[in-house]
Amino acid sequence: MNTLRKLKCEACQIGAPLATPKEIDEYMQQIPDWTIVEIDGVKRLRRTFTFKDFKTALAFTNKLGELADQEDHHPAILTEWGKVTVSWWSHKIKGLHKNDFIMAAKTDALV
């Protein structure tokens, strides 16, 4: 059962702790289709979703945008023909926070 998607993002301030390796292992079990990538020394969650065409990919992007505004946590989104790549990380702490895993789980629920 995915408990992350039932949680709400909490305000993340500069200096908030990054997710620990143990927390990351636990959270990743709930979002197995996501990978952790590191760009410029910053860990991020990334997943590419596939769709039948651009219109459907764009509709998903718009739903994700609404969700991001509701939770006040915003991803990097690349929308292309038939696919959307989503990256979550916490900009203020330059890495992964519990919020990123919550939002990844909520993103999965949109499809």
Side-chain angles (χ1 to χ4, degrees):
M1 184 163 111
N2 191 320
T3 57
L4 285 171
R5 77 174 56 152
K6 295 178 182 178
L7 300 175
K8 183 136 177 77
C9 284
E10 54 191 51
C12 182
Q13 302 298 320
I14 294 173
L18 294 168
T20 67
K22 181 180 177 186
E23 290 170 330
I24 290 171
D25 287 344
E26 290 174 15
Y27 300 149
M28 289 301 290
Q29 291 177 28
Q30 294 185 56
I31 54 167
D33 296 322
W34 291 79
T35 58
I36 296 176
V37 297
E38 191 168 322
I39 300 172
D40 296 328
V42 177
K43 289 182 181 176
R44 306 160 190 228
L45 295 173
R46 178 173 289 165
R47 180 173 176 196
T48 298
F49 297 84
T50 56
F51 300 94
K52 65 180 182 173
D53 55 29
F54 184 77
K55 183 178 180 180
T56 309
L58 186 59
F60 172 80
T61 299
N62 289 328
K63 285 195 305 189
L64 179 55
E66 289 176 23
L67 173 65
D69 273 348
Q70 289 170 5
E71 295 285 334
D72 198 25
H73 191 44
H74 302 87
I77 306 170
L78 174 61
T79 304
E80 303 175 83
W81 193 97
K83 66 180 180 177
V84 177
T85 302
V86 182
S87 298
W88 289 105
W89 76 99
S90 294
H91 303 262
K92 289 182 180 179
I93 61 171
K94 296 182 172 115
L96 294 173
H97 184 273
K98 184 176 183 177
N99 289 344
D100 304 305
F101 296 91
I102 291 169
M103 292 308 292
K106 289 181 181 228
T107 302
D108 285 347
L110 295 176
V111 291

Whether K52 side chain and G82 backbone form a donor-acceptor pair below 3.5 Å
no
Go through W89 and L45 one step at a time and tell me if the side-chain contact (heavy atoms from CB on, under 4.5 Å) criterion holds.
CA-CA 7 Å; W89 76 99; L45 295 173; over 6 Å; no
Could you state the interatomic distance from NE2 (H97) to SG (C12), rounded to the nearest 0.5 Å?
4.0 Å
Pair R46, T35: side-chain N/O donor-acceptor within cut-off below 3.5 Å
no
Could you tell me the separation between the CG atom of L78 and the CD atom of E80, rounded to the nearest 0.5 Å?
4.0 Å
Output, in order, the C-alpha distance, side-chain angles, deciding distance and verdict of salt bridge (Lys or Arg N to Asp or Glu O under 4.0 Å) for D100 and R44.
CA-CA 8 Å; D100 304 305; R44 306 160 190 228; over 6 Å; no
Spatial distance of atom CG (L96) from atom CD1 (I24) [nearest 0.5 Å]
5.5 Å
Going by heavy atoms in the side chains, are I77 and T79 under 4.5 Å from each other?
yes
Roughly how far, to the nearest 0.5 Å, is the CE atom of M103 from the OG atom of S90?
10.5 Å
Taking ring pair (Phe, Tyr, Trp, His ring centres under 6.0 Å) as the definition, give me every residue that meets it alongside F51, ordered by chain and number, with sequence neighbours left out.
F60
Roughly how far apart are D33 CG and R47 CZ, rounded to 0.5 Å?
4.0 Å
Check ion pair D40-K94 (N to O, under 4.0 angstrom):
no
Give a yes or no on whether F101 and V111 share a hydrophobic cluster (residues Ile, Leu, Val, Met, Phe, Trp, Tyr; joining criterion: side-chain heavy atoms under 4.5 Å apart).
yes
Qualifying ring pair (Phe, Tyr, Trp, His ring centres under 6.0 Å) pairs with a residue from residues 62-81, counting only residues at least two apart or across chains
H73-W88
What one should report as the nearest heavy-atom pair of A105 and L4 is CB-CB, 3.7 Å
When you look at T85 and F49, which way does the side-chain contact (heavy atoms from CB on, under 4.5 Å) test go after all the steps?
CA-CA 6 Å; T85 302; F49 297 84; over 6 Å; no
Looking at every non-hydrogen atom in both residues, tell me the closest pair between A57 and V84 and how far apart they are.
O-CG2, 3.4 Å
Run the numbers on R5 and D108 for side-chain contact (heavy atoms from CB on, under 4.5 Å), then give the verdict.
CA-CA 9 Å; R5 77 174 56 152; D108 285 347; 4.2 Å; yes
When every non-hydrogen atom of I93 is compared with those of A16, the smallest separation belongs to CG2-O, 3.4 Å
Search all heavy atoms of L18 against all heavy atoms of G95 and return the closest pair with its distance.
CD2-CA, 3.6 Å
Partners meeting salt bridge (charged side-chain N to carboxylate O under 4.0 Å, His left out) with K8 (sequence neighbours left out)
E71
Hey, mind stepping through V86 and W34 against side-chain contact (heavy atoms from CB on, under 4.5 Å) and telling me if it holds?
CA-CA 10 Å; V86 182; W34 291 79; 3.9 Å; yes
Measure from the side-chain N and O atoms of E23 to the backbone N and O of T20, and report whether any donor-acceptor pair falls under 3.5 Å.
yes
